[in-house]
Amino acid sequence: MALDTYAIGTALAARFSAANTTPPAGYDEVRLATANPPDMISVFPSVVVFPPSTTAEYGPNRLVRQIHRFPVRFYVARGMGTDRAVKALYAWRDVLVEGVVSDMQLGLPNVVVKALVPDIRMGESEYGGEMFAVIEMQVEVTTREVLSTIAP
């Protein structure tokens, strides 16, 4: 299977969908989980997986190891009040991390070596001209593949 970073982003978003994530007690399930960022967010909670930055290491025998750093943001409505929004962020934080590391290959074992969450920040972020309470994660997805021979 050839590397397809959009498919990886989509698989990552699927890890946060209502079908794959149990919300913390007292909270609604994720209503939007996507790797195709919308113009605006109007349903909550929402998870948006943004396109990654990538670094590559080339080894012998045409082996390439890539690390894709996907920015992932979990949004709750700011209108719920600061106290309730911060409590929601704390409640969801570990659930979201577990959603990634519980299946480190994201259902793509022939492509993805592992997915980890090395960086998490909770606070506020702007999207579509509005401010939201967010959990921002950097999800590092490592892939390994053998490059095909390039014809002259």
Side-chain angles (χ1 to χ4, degrees), residues 1-57 64-146:
M1 177 179 203
L3 181 65
D4 178 347
T5 53
Y6 182 70
I8 294 169
T10 299
L12 183 56
R15 296 301 310 146
F16 303 113
S17 70
N20 293 315
T21 303
T22 301
Y27 291 94
D28 293 334
E29 64 186 23
V30 172
R31 296 190 56 206
L32 172 70
T34 183
N36 190 13
D39 292 334
M40 296 179 67
I41 298 173
S42 59
V43 294
F44 302 97
S46 295
V47 178
V48 179
V49 176
F50 293 89
S53 63
T54 301
T55 55
E57 298 172 359
V64 62
R65 176 180 173 264
Q66 295 183 25
I67 298 176
H68 311 277
R69 291 169 190 85
F70 286 88
V72 176
R73 292 192 189 115
F74 171 83
Y75 296 91
V76 296
R78 191 167 182 244
M80 69 186 335
T82 302
D83 184 52
R84 288 184 57 218
V86 169
K87 286 179 183 176
L89 297 180
Y90 274 113
W92 274 98
R93 182 190 180 279
D94 295 336
V95 170
L96 297 172
V97 172
E98 182 64 23
V100 175
V101 300
S102 66
D103 180 6
M104 292 202 318
Q105 292 183 309
L106 304 176
L108 301 170
N110 295 329
V111 177
V112 174
V113 175
K114 63 184 173 184
L116 299 172
V117 184
D119 189 41
I120 302 170
R121 180 186 84 74
M122 294 189 292
E124 292 186 330
S125 183
E126 185 270 334
Y127 192 100
E130 293 187 48
M131 292 300 289
F132 298 98
V134 297
I135 296 172
E136 294 182 337
M137 300 184 292
Q138 176 178 285
V139 178
E140 288 188 355
V141 178
T142 302
T143 59
R144 191 173 293 139
E145 67 178 330
V146 175

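Please read these numbers as outputs of a predicted model, since none were measured by experiment. For reference, positions follow the sequence shown, starting with 1.
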(request) Evaluate the criterion side chain to side chain contact (heavy atoms under 4.5 Å, CB included) for residue pair Leu32 and Phe44; output intermediate values, then yes/no. (result) CA-CA 7 Å; Leu32 172 70; Phe44 302 97; over 6 Å; no
(request) Could you tell me whether the side chain of Val134 reaches within less than 4.5 Å of the side chain of Glu124, counting heavy atoms only? (result) no
(request) Over all heavy atoms of both residues, which pair between Pro37 and Ala35 is shortest? Give the atoms and the distance, please. (result) CD-O, 3.4 Å
(request) Please name all residues satisfying side-chain contact (heavy atoms from CB on, under 4.5 Å) with Arg69, sequence neighbours left out, ordered by chain then number. (result) Ser53, Thr55, Ile67, Gln138, Glu140
(request) Check whether any side-chain N or O of Glu126 sits under 3.5 Å from a backbone N or O of Gly129 as a donor-acceptor pair, and report yes or no. (result) yes
(message) How long is the straight-line distance from OG1 of Thr34 back to CZ of Phe16, given to the nearest 0.5 Å?
(response) 12.5 Å
(message) Are Leu116 and Met104 packed together at the side-chain level, in the sense that at least one heavy-atom pair is separated by less than 4.5 angstrom?
(response) yes
(message) Main chain of Pro45, side chain of Arg31: is a donor-acceptor contact present, judged purely on distance under 3.5 Å?
(response) no
(request) May I ask you to test the Trp92-Pro23 pair for a side-chain heavy-atom distance under 4.5 Å? (result) yes
(message) Within this structure, what is the OH-NZ distance for the pair Tyr27 and Lys87, rounded to the nearest 0.5 Å?
(response) 7.5 Å
(request) Only counting residues at least two apart or in another chain, list the ones meeting ring-ring contact (aromatic ring centres under 6.0 Å, His included) with Tyr75. (result) Tyr127, Phe132
(message) Would you say that Pro52 contacts Val139 through its side chain, given a criterion of any heavy-atom pair below 4.5 Å between the two side chains?
(response) no
(message) When you compare the side chain of His68 with that of Thr143, does any pair of heavy atoms fall below 4.5 Å?
(response) yes
(request) Tell me, yes or no, whether the heavy-atom count around Phe50 atom CZ, taken from other residues, nucleotides or ligands under 6.0 Å, exceeds 12. (result) yes
(message) Please find the pair of heavy atoms, one from Pro24 and one from Ala91, that lie closest to each other, and give the distance.
(response) CG-O, 3.2 Å
(message) Is there a side-chain contact between Ile135 and Arg73 in this structure, where contact means two heavy atoms from C-beta onward sitting under 4.5 Å apart?
(response) no
(message) Measuring from atom CD of Glu130 to atom OG of Ser42, what distance do you get when rounded to the nearest 0.5 angstrom?
(response) 9.5 Å
(request) Locate the shortest heavy-atom distance separating Ala7 from Leu108; write the atom from each residue and the value. (result) O-CD1, 4.1 Å
(message) If you count every heavy atom of other residues, nucleotides or ligands that lies below 6.0 Å from Arg84 atom CZ, does the total exceed 12?
(response) no
(request) Would you check if Asn36 and Tyr6 make a side-chain contact, meaning some heavy-atom pair closer than 4.5 Å? (result) yes
(request) Output yes when a side-chain donor or acceptor of Thr21 lies under 3.5 Å from a complementary backbone atom of Ala18, and no otherwise. (result) no
(message) To the closest 0.5 Å, what do you measure between CG (Leu3) and CG (Asn110)?
(response) 12.5 Å
(request) For Gly107 and Asp103, work out which heavy atoms get closest and say how close. (result) N-OD2, 3.2 Å
(request) Could you please spell out the steps behind the side chain to side chain contact (heavy atoms under 4.5 Å, CB included) verdict for Glu136 and Val72? (result) CA-CA 6 Å; Glu136 294 182 337; Val72 176; over 6 Å; no
(message) Please determine whether side chain to side chain contact (heavy atoms under 4.5 Å, CB included) holds for the pair Glu29 and Ser17, giving the CA-CA distance in whole Å, both sets of side-chain angles, and the decisive distance to 0.1 Å.
(response) CA-CA 8 Å; Glu29 64 186 23; Ser17 70; over 6 Å; no
(request) Could you check Val95 against Thr22 for side chain to side chain contact (heavy atoms under 4.5 Å, CB included), going step by step and ending with a plain yes or no? (result) CA-CA 8 Å; Val95 170; Thr22 301; over 6 Å; no
(message) With heavy-atom distances below 4.5 Å as the criterion, would you say the side chains of Ile120 and Val97 are in contact?
(response) yes
(request) Identify the heavy atoms of Phe74 and Val30 that sit nearest to each other, and give their distance. (result) CE1-CG2, 4.4 Å
(request) Identify the heavy atoms of Ala11 and Leu106 that sit nearest to each other, and give their distance. (result) CB-O, 3.6 Å
(request) Would you give the length of the straight line joining atom CZ of Arg121 to atom CZ of Arg93, rounded to the nearest 0.5 angstrom? (result) 13.0 Å
(message) Distance check, rounded to the nearest 0.5 Å: Met137 atom CE versus Leu96 atom CG?
(response) 5.0 Å
